[in-house]
Every structure is written in structure tokens, then in C-alpha cells.
Amino acid sequence: MLQQTQVSTVIPYFNNFIKNFPTLNDMAHAPLDKIMAMWTGLGYYSRARNLHRCVQEIVKQGGAVPKTQEALKALPGIGEYTSAAILSIGYNQPYVPIDGNVERITARLFAVQEPLPSSKPALAMLAKTLNNHEEALVRPGDFAQGLFDIGATICKPKNPLCLICPLSDVCKAHQEKIADLLPKKQKKAEKPTKFGVSLFIQNSQGQLLFRKRPEKGVLAGTMELPSTIWSEQFPSLEQAIIETDCKGEYKKLGDIKHVFTHFTLKIRLYALVGHPDFITQDQKNIWLDLKELHHYPCSTLMRKMIAYSVKT
DNA sequence: AAAGCGTGGCA
DNA sequence: TTGCCAAGCTT
């Protein structure tokens with residue numbers, strides 16, 4: 001959960017997961033659908049599948065979380081960082097988990113001028129030397145937590161609080177008064193904007209028409225309103241009706257904007273006038289009361305669209 | 001190996 | 001408003 005996600009965001013999700021799945025065994029035997037539904041709003045939905053597969057694999061192997069980095073990294077969703085975090089915090093082994101905080105601290109401590117991400121290997125080499133002190137090696141977990149907390153609260157990306165930093169004595173960037181300029185970043189490509197049309201379709205019982213997105217790609221496996229693919233410009237309503245196979249008379253509701261990591265999305269919303277007579281009950285068409293939507297995985301984008309449609 | 005993959009908070 | 005960034009992993 002914490003991968004690329006702030007602690008304050010994770011806490012309520014974490015508590016809910018622990019309540020529903022007190023043991024690895026509980027989660028391993030839960031349906032993926034339930035885990036996906038509980039992940040609603042947290043983003044990066046492949047993490048939910050990986051977590052489920054990971055727990056199932058551990059239970060299959062006997063139920064003990066592996067104690068070697070090699071075995072941990074072989075599990076779905078666990079890479080260099082997470083394996084090191086488990087080993088240091090969970091098993092008190094002398095690993096240094098290298099996240100964005102540790103990279104930033106390291107870049108400043110050693111005044112690394114090379115920009116991210118190409119400096120990652122060099123920063124990793126340097127970061128792995130940070131625990132070469134007796135106190136650090138006695139309590140590897142506390143040492144790792146300490147690095148995270150310094151990064152999050154003192155050695156911040158902007159306006160680092162060097163005046164109260166316990167590392168300022170040994171920080172090369174601070175000595176050179178360039179802490180706030182590091183780490184340097186390579187320029188990112190400009191975000192493209194994509195456009196789509198989505199349809200708000202309610203039946204006579206007040207249920208909404210949903211479909212399930214493909215298991216790969218953006219928002220994989222989450223529920224969505226019938227939608228066109230997202231392309232270079234707004235598709236016409238006619239195109240949307242053909243593409244979604246939802247014939248009928250529609251009225252325009254308005255446009256919604258949503259920002260993803262690597263593109264911006266603009267969605268034009270239409271609502272069906274009256275009730276549909278064209279939708280057959282089949283595999284891809286799913287009618288849901290809004291009250292039962294929480295049993296299904298649903299992106300924040302889709303919740304935004306639904307809220308907008310209901311209000312309009 | 002570079003790109004794909006969410007969302008929310010904050011300057 | 002916009003851009004940055006967060007306890008990264010996968011392909």
C-alpha cells in the first residue's frame with residue numbers, strides 16, 4: 001500500500017484490511033473481487049492483485065514470510081525496496097530500504113549532482129553505506145524508519161529544515177548551501193491530454209449501467225460507465241453510441257477533467273433521456289444500485305463522473 | 001530500459 | 001491553476 005502512496009492516505013485502508021483479514025490465511029482465501037473492492041480509491045490497482053497473489057504464494061509455501069531478499073523479490077509486488085523494508089523492519093537484518101526519501105537524503109548528504117533517475121545506481125551504492133555504524137546495525141528497522149521520518153519531515157523535497165536536522169553536521173549539500181537544489185531531476189516529457197465520452201444510463205428501477213474494464217492497462221479491472229476509448233480529441237456522441245452499443249437519445253451533462261500520472265483526461269458526459277430499451281442482460285452489461293457499488297472496485301475518476309451526473 | 005500505472009495534498 | 005511528489009513494481 002505504501003508504494004508511491006503517503007502514510008496518511010494508507011492508514012484507513014490498512015486498518016480496514018487488517019480488520020477484514022487478521023491473518024495471511026484470511027486474505028489468501030478471500031476472493032480477489034473483495035480485495036479489489038476494498039482497494040477502491042487507493043490507485044495503482046495492480047498492487048491489489050499482486051498483494052493477493054503474494055499472500056496466496058506465502059500461504060502455499062507454509063505461511064511464513066520469507067527471510068531472504070532473493071525469496072522475497074520472487075513474490076509478486078515485492079521488489080528491491082519492499083524486500084529491504086521487510087528484512088530491516090520485520091526481521092532486523094542490516095538492509096537499507098531505498099525509497100524516495102532515502103534517495104533525497106543521500107543525494108544531499110553526498111552532494112550528488114547527477115540528476116534522477118540516472119543517478120539511482122550511484123545513490124543506491126551510497127545509501128547502502130549509511131548504516132555502517134554500530135547503533136544502526138543493532139537496530140536496522142529503527143534506522144530505516146528514522147531515515148523515512150527525516151525525509152518526510154525535515155529533509156523535505158522543498159524547504160528542507162536543515163536548521164533542525166540531526167545530519168546537518170555531516171551533510172555536504174548543507175555545507176555548500178545547496179540542499180534545496182538537490183536532488184536534481186531530469187526534465188519530464190510533457191503530459192498528453194486524452195479525450196473520451198462516457199454515458200450515464202439509468203433503468204426504470206434506478207440502477208446504473210456499468211461495465212468492467214479490461215484486466216490490463218489503466219484502471220484495470222475496475223467498474224466504469226459505458227465509455228469510448230480515450231483518444232486525441234473528443235469523440236462525437238454518435239461515435240460513442242456506436243462504440244458502446246448503447247442506442248438512444250442523450251443530453252449533454254458537461255465535461256470532467258482528471259489527471260493521471262502520465263496523461264490528463266477529459267471526459268464528456270451524456271445522460272440517456274428516459275429509460276433504455278436496448279440493453280440486454282449479458283456478460284458485459286452490469287446493472288447496479290449505487291448502494292451496492294462499494295462491493296465492486298471503482299476508480300476515483302468513475303466516482304467523480306457519477307457524482308457529477310447525479311448532481312447535474 | 002523506458003514507459004505504464006492513481007490519487008491527494010501542497011506550494 | 002499547475003506541477004511536484006509520495007515507504008515502487010512490472011514489462
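Atoms considered below: every heavy atom in the structure, side chains included; atoms not considered: hydrogens, waters and symmetry mates. Keep in mind that what you see is a predicted model, and the values were worked out from it rather than measured. Protein chains get the first letters and strands the later ones, always in sequence-line order, with residue 1 at the start of each.
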Point to revise | Along DNA chain C (nearest heavy atom to each residue), the more 5'-positioned of A:Ser83 and A:Pro157 | key: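 Upstream on the strand: A:Pro157.
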Review point. With a 4.0 Å cut-off on heavy atoms, is A:Pro76 in touch with a base, just the backbone sugar-phosphate, or nothing at all?
Key: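 Contact class for A:Pro76: sugar-phosphate only.
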Exercise for review: Please work out if A:Gln145 contacts a base, only the sugar-phosphate, or nothing of the nucleic acid, heavy-atom cut-off 4.0 Å.
Suggested key: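 Counting heavy atoms under 4.0 Å across all strands, the contact made by A:Gln145 includes a base.
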For the pair made of [atom1] in [X] and [atom2] in [N], what is the distance, rounded to whole Å?
{"X": "A:Phe14", "N": "C:dA7", "atom1": "CZ", "atom2": "P", "answer": "16 Å"}
{"X": "A:Lys120", "N": "C:dC9", "atom1": "NZ", "atom2": "C1'", "answer": "11 Å"}
{"X": "A:Leu116", "N": "C:dC4", "atom1": "CG", "atom2": "C1'", "answer": "13 Å"}
{"X": "A:Ile11", "N": "C:dA6", "atom1": "CD1", "atom2": "P", "answer": "18 Å"}
{"X": "A:Phe148", "N": "C:dC5", "atom1": "CZ", "atom2": "P", "answer": "19 Å"}
{"X": "A:Lys156", "N": "C:dA6", "atom1": "NZ", "atom2": "P", "answer": "13 Å"}
{"X": "A:Leu51", "N": "C:dA7", "atom1": "CG", "atom2": "C1'", "answer": "15 Å"}
{"X": "A:Leu75", "N": "C:dC9", "atom1": "CG", "atom2": "P", "answer": "12 Å"}

Check your understanding: In chain order, what residues pass the side-chain hydrogen bond (donor to acceptor under 3.5 Å, both in side chains) check against A:Lys73, with sequence neighbours excluded?
Key ->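 A:Lys73 satisfies side-chain hydrogen bond (donor to acceptor under 3.5 Å, both in side chains) with A:Glu80 once adjacent residues are dropped.
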Checking [Y] against [X]: is there a side-chain donor and acceptor pair closer than 3.5 Å?
{"X": "A:Ser83", "Y": "A:Gln69", "answer": "yes"}
{"X": "A:Thr23", "Y": "A:Asp26", "answer": "yes"}
{"X": "A:Gln3", "Y": "A:Thr82", "answer": "yes"}

Review point. Can you say whether the rings of A:Phe260 and A:Phe263 are parallel (under 30°), tilted (30 to 60°) or perpendicular (over 60°)?
Key: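 Answer is tilted, since the angle falls between 30° and 60°.
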Point to revise | Contact pattern, 5' to 3', of nucleotides 2-11 of chain B - B, S or - by protein heavy atom under 4.0 Å | key: --SBBBS---
Practice item. May I ask you to decide whether A:Lys266 forms a salt bridge with A:Asp255, counting only side-chain N to carboxylate O separations under 4.0 Å? Key: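 Salt bridge: no.
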Practice item. Please measure how far the P atom in C:dA7 lies from the corresponding atom in B:dG4, and state the result in whole Å. Key: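 Approximately 24 Å lies between the P atom of C:dA7 and that of B:dG4.
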Exercise for review: Please state the C1' separation for the pair B:dA1 and C:dC9 - nearest whole angstrom.
Suggested key: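 Straight-line distance between the two C1' atoms is 14 Å.
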Practice item. Could you tell me which non-hydrogen atom of A:Phe21 sits nearest to which non-hydrogen atom of A:Ala30, and how far apart they are? Key: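 Looks like CE2-CB, 3.4 Å.
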Check your understanding: Is the charged tip of A:Arg213 near the ring of A:Trp230: under 6.0 Å from the six-membered ring centre and within 45° of its axis?
Key ->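 Yes; both conditions hold, so A:Arg213 lies above the ring face of A:Trp230.
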Check your understanding: Stems in DNA chain C: runs of 3 or more consecutive Watson-Crick or G-U pairs, distances under 3.5 Å?
Key ->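 B:2-5 with C:8-11, B:7-11 with C:2-6 - these are the stems of 3 or more pairs that involve DNA chain C.
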**Study point:** salt bridge (charged side-chain N to carboxylate O under 4.0 Å, His left out) partners for A:Lys191, two or more places apart
**Key:**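 With sequence neighbours excluded, A:Lys191 shows a salt bridge (charged side-chain N to carboxylate O under 4.0 Å, His left out) to no residue whatsoever.
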Check your understanding: Any link between A:Leu32 and A:Leu219 through a network of hydrophobic side chains (Ile, Leu, Val, Met, Phe, Trp, Tyr) touching at under 4.5 Å?
Key ->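 In one cluster: yes.
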Review point. Would A:Phe14 end up clustered with A:Val55 when hydrophobic side chains under 4.5 Å apart are linked, directly or stepwise?
Key: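 Per the 4.5 Å side-chain linkage, A:Phe14 and A:Val55 are co-clustered.
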Review point. What pairs with A:Phe195 under ring pair (Phe, Tyr, Trp, His ring centres under 6.0 Å), at least two apart in sequence or on another chain?
Key: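 Partners of A:Phe195 by the ring pair (Phe, Tyr, Trp, His ring centres under 6.0 Å) criterion, ordered by chain and then number, come out as A:Phe234.
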Practice item. Please work out which residues in residues 87-106 of chain A have a non-hydrogen atom less than 4.0 Å from an atom of DNA chain C and list them by number. Key: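 Going residue by residue through residues 87-106 of chain A, the ones with a heavy atom under 4.0 Å of DNA chain C turn out to be A:Asp99, A:Gly100, A:Asn101, A:Arg104.
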